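Counting from 1, the numbers follow the sequence of the chain as shown. First listed ligand is number 1; within each ligand, the first listed atom is number 1. This structure is a prediction, so every number in the text was calculated from the model and none was measured.
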Amino acid sequence: MIKKILIANRGEIAVRVMRACREMGIASVAVFSDADKDALFTKYADESHRIGPAAASQSYLNISAIIERARQSGCDAIHPGYGFLAENPEFASACEREGIRFIGPSSRVLRLMGDKVAARREMQKAGIPVVPGANECAAGYEQAREIALEIGYPIILKPSGGGGGIGMTIVETEEALAQALEHAQAIAGTTFGIRDVYIEKYLSNPRHIEFQVLADSKGNVIHLGERECSIQRRHQKLIEESPSTVLTSELRAKMGRIATEAAGWVKYEGAGTVEFLFSEGEFYFLEVNARVQVEHPVTEMVTGIDIVKEQIRIASGLPLGCRQEDVLICGSAIECRINAEDPLNDFVPTPGKINGHRPPGGAGIRVDSGIYESSTIPPFYDPMISKLIVWGRDRNEAIERMRRALFEYVIGGVKSNILFHRAVMENERFIKGDLDTLFIESETALIDDMKRIAGREETLQQKLPCRSVDKKKVAAAVAAALAYSREKV
Ligand code: MV4
């Protein structure tokens, strides 16, 4: 069994992993950048070591520095969380070389799943339904034109080195293809270092449904049902839920079986997610996320299974803690990502110092947070403050609980997107479960709804002592965050 784990991440996910360690009697080691010296995860760990300056490239992405800290502190495993190095095959193979267990799939699987067109090809071999499209990258304009002609417009150009939606370009007509191809290849080159793009038929307004899978080193693979992640904005998911309102138990069993076959086919090990697009009753494989995801708690809430503990068990060589027939989906769970961003000002990031803090509690509430009173949300990373997850006997109760929890949630000193979530929880289409990936863009009334809700009734935020947002400080923090994100691109 693993005895000591270095957590190569920050924020709420670092705390989440350390909680699993604490319950399992495993020692935890944090590595922190200069911006995170006083962060919650740095304090929570049994041991904490500075890793480098604020810039992620010199801290949370610095493979040799992280491995060095793991060796110095006598860790036998590294948990990468999500983002940063979580799906980096070089990092996994560096761990393999050093005899440190990487808590995640092998570097071979990470390399295969990271090449999106190769993953598509592999899944087709396994008999998994994929979106109509090409299994090779377009060599140039002429080949792209032929492929597009064959599958029919609209098409979508996708970077083979990417995933998650960044750099994807929709092309409606042949006239637009040449320029779009040029553009997509340029973006793919600058963001992922590989200019290659591949072509798929574009499905309009699909729903994003993903299956959680767990696979152990003995070849056992199970699924924990699905999450629906259709409420997203510019490839950032904001609300996720489980189960999806569109799946019957038959379809869930069928898609779940296909997801486990996909994982089994590539000899996947660890926790992973198989993403599908769902459109007009049909589903198509999109990509595999070879990590624990931000939204994993909604699955934990409806299954009772601790996904991070399962990851650690799997990496220790133990068999899965349960069989497929023992997995029961009970009730309904919803997650709202609480970000330091201003939903009334194009969601600009609003990092800064927390001044007034009271998370919600009571029945059915879970808050996975990386902050505490007087802590700081640095401008250098993703501005997520916490994840608010609720469970209810059914979806309606979950929505009522989420409204109540959002009423209770006090975060002073920085702006948050709580108001956005309150508006969605009252939105008719959301309540009906009528979702698609263009929900936020198409529900233009959300802006007015937010203003109306803000002026309507009191929340605990307005009644409890908490510093209101300092306009000057916010402006400075926004400028810092924007300068940082420009630098990054
Ligand atoms: C698509 C698609 C439509 N048709 N693929 C976005 C996340 C990534 N995992 C896959 N994504 C999509 N793939 C086909 N064949 C629509 C999306 C998509 C999207 C694409 C471009 C811009 C914004 C988007 C928002 C949600 C989903």
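Less than 4.0 angstrom separates atom 26 (C) of ligand 1 from at least one non-hydrogen atom of the protein. The presence of a protein heavy atom under 4.0 Å from atom 18 (C) of ligand 1 is ruled out.
Applying the 4.0 Å criterion to heavy atoms of Val131 picks out, from ligand 1, the atoms 15 (N). Each of the following atoms of ligand 1 lies closer than 4.0 Å to a heavy atom of Tyr202: 3 (C), 4 (N). Each of the atoms 26 (C), 27 (C) of ligand 1 lies under 4.0 Å from some heavy atom of Thr437. Which parts of ligand 1 touch Glu287 is read off a 4.0 Å heavy-atom cut-off, strictly below it: atoms 9 (N).
Checked by distance only, ligand 1 and Lys158 come closer than 3.5 Å through their nitrogen or oxygen atoms. Residue His235 has no N or O atom closer than 3.5 Å to an N or O atom of ligand 1. Taking distance alone, with nitrogen or oxygen atoms compared against 3.5 Å, Glu200 approaches ligand 1 more closely than that limit. The N/O atoms of Ile156, backbone and side chain alike, include none that comes under 3.5 Å of an N/O atom in ligand 1. Checking only distances, Lys201 does come within under 3.5 Å of ligand 1, N or O to N or O.
The closest side-chain heavy-atom distance from Glu12 to Ser369 is not below 4.5 Å. Side-chain contact between Leu419 and Ile453: present, with at least one pair of heavy atoms (C-beta onward) separated by less than 4.5 Å.
Between Tyr381 and Tyr60, the gap from one ring centroid to the other is short of 6.0 Å. Between Phe278 and Tyr284, the distance separating the two ring centers is not shorter than 6.0 angstrom.
Proximity of a side-chain donor or acceptor of Trp265 to a complementary backbone N or O of Lys125 within less than 3.5 Å is not detected. Checking side-chain atoms of Arg337 against main-chain N and O of Ile239 turns up no donor-acceptor pair under 3.5 Å.
The stretch residues 201-210 participates, sequence neighbours left out, in these side-chain hydrogen bond (donor to acceptor under 3.5 Å, both in side chains) pairs: Arg207-Glu228, Arg207-Thr245, His208-Glu210, Glu210-Arg227, Glu210-Lys237.
Nearest protein neighbour of atom 4 (N) of ligand 1, counting heavy atoms only, is Leu203 N, 3.0 Å. Of all protein heavy atoms, the one lying nearest to atom 2 (C) of ligand 1 is Leu277 CD1, 3.5 Å. At the top of the distance list for atom 9 (N) of ligand 1, counting protein heavy atoms only, stands Glu275 OE1, 2.9 Å. Distance from atom 12 (C) of ligand 1 to its nearest protein heavy atom, with residue and atom name: Met168 SD, 4.0 Å.
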Next item on the list: Go through Arg257 and His223 one step at a time and tell me if the side chain to side chain donor-acceptor pair (under 3.5 Å) criterion holds.
Entry: CA-CA 8 Å; Arg257 184 168 40 75; His223 74 86; over 6 Å; no
Next item on the list: Please test Glu122 against Val266 for side chain to side chain contact (heavy atoms under 4.5 Å, CB included), starting from the C-alpha separation and ending with a verdict.
Entry: CA-CA 8 Å; Glu122 205 58 32; Val266 296; 3.8 Å; yes
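Salt-bridge formation is not detected for the pair Glu96/Arg108: no Lys NZ or Arg NE/NH1/NH2 atom is positioned less than 4.0 Å from an Asp or Glu carboxylate oxygen.
Under 4.0 angstrom from ligand 1, the non-hydrogen atoms of Leu286 all belong to its side chain.
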